[in-house]
Amino acid sequence: MAKLHKDLQRLLISEEAIQGRVQEIAEEISRDYDEIGSLYIIGILKGAFIFLADLARELSIPHVVDFMAVSSYGKTASSSGEVRLVMDLREPITDKHVLVVEDIVDSGQTLNYLLKTLSGRKPASLKTCALVRKERESLDIQLDYLGFTIPDVWVVGYGLDFADTYRTLPYIAELKKTVYSA
Ligand code: IMP
Ligand code: MG
């Protein structure tokens with residue numbers, strides 16, 4: 001197992017566990033879209049780029065990958081602000097079978113904003129996939145594919161960052177509180 005980075009409190013999801021789960025989700029998606037025969041994947045930047053790269057390469061159905069970038073106003077390690085669209089899709093999604101791929105769902109604000117925006121463009125179908133969601137009491141969100149549920153702590157690695165750092169760690173781990181509350 002890879003040695004834990006010094007800023008990390010504890011390992012939550014190992015590289016092996018992530019790879020195994022990504023494979024399972026890819027198989028599930030491939031089965032579900034087999035009859036439809038096409039899939040328009042929207043990766044949400046920056047966080048989803050590593051998950052999406054691994055997931056898409058395991059799919060056995062034809063698919064197209066596009067990206068959107070969003071950011072939250074006043075985002076800190078403990079609260080999320082208002083969502084803002086930073087980069088839009090290249091193509092219209094009208095009549096396409098769309099799957100939104102997110103890294104992590106925390107308050108659900110980002111995904112709800114994306115679902116509202118994208119459903120207005122009249123896709124043939126609209127589903128969601130997240131690698132990780134945080135355990136929260138009242139989270140009202142449509143998640144069609146989910147990798148893992150984790151405790152409500154700040155995590156980094158496998159695309160997830162704090163201040164744009166730690167994204168390329170191969171595992172997901174809890175960041176030490178002394179790092180993000182400093
Ligand atoms: P939400 O809008 O509160 O669901 O937050 C979703 C976005 O906040 C994600 O797409 C991430 O970019 C970011 N985020 C939330 N929690 C974490 C975390 O623990 N580590 C890294 N990024 C996070
Ligand atoms: Mg994100």
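Just so you know, these numbers use all the heavy atoms, side chains as well, and skip hydrogens, waters and symmetry mates. Numbers here are sequence positions counted from 1. Atoms within each ligand, like the ligands themselves, are counted from 1 in listed order.
Side chains of Tyr166 and Leu169 form a contact here, defined as non-hydrogen atoms less than 4.5 Å apart.
Atoms of ligand 1 found under 4.0 Å from any heavy atom of Ser107, numbered from 1 in the order shown, are 1 (P), 2 (O), 3 (O), 4 (O). Against a heavy-atom cut-off of under 4.0 Å, Glu102 is close to the following atoms of ligand 1: 10 (O). Residue contact check: Thr110 has heavy atoms under 4.0 Å from atoms 1 (P), 2 (O), 5 (O), 6 (C), 7 (C) of ligand 1.
Polar contact check, Gly108 against ligand 1: a nitrogen or oxygen pair lies under 3.5 Å apart. Remark: ligand 1 and Leu160 share no N or O pair separated by less than 3.5 Å (distance only, no angle test).
Contact check on Arg167 versus Asp161 returns a salt bridge, with a Lys/Arg side-chain nitrogen under 4.0 Å from an Asp/Glu carboxylate oxygen. Ion pairing between a basic and an acidic side chain is recognised when a charged N comes within 4.0 Å of a carboxylate O; Asp88 and Arg121 show such pairing. Here Arg133 does not pair with Asp106 in a salt bridge; the nearest charged N to carboxylate O distance is not below 4.0 Å.
Which of Tyr113, Trp154, Tyr166 comes nearest to atom 22 (N) of ligand 1 through a heavy atom is settled by distance: it is Trp154.
Looking at Gln19 and Gln23, their side chains never bring a donor and an acceptor atom within 3.5 Å of each other.
If you run side-chain contact (heavy atoms from CB on, under 4.5 Å) between Leu111 and each of Ile44, Val105, Ile104, Val70, only Val105 comes through.
Remark: distances from the non-hydrogen atoms of Val156 to ligand 1 are all 4.0 Å or more. For the pair Lys134 and ligand 1, a heavy-atom separation below 4.0 Å is found.
With sequence neighbours excluded, the residues satisfying salt bridge (Lys or Arg N to Asp or Glu O under 4.0 Å) with Lys177 are Glu174.
Under 4.0 angstrom from ligand 1, the non-hydrogen atoms of Val153 all belong to its backbone.
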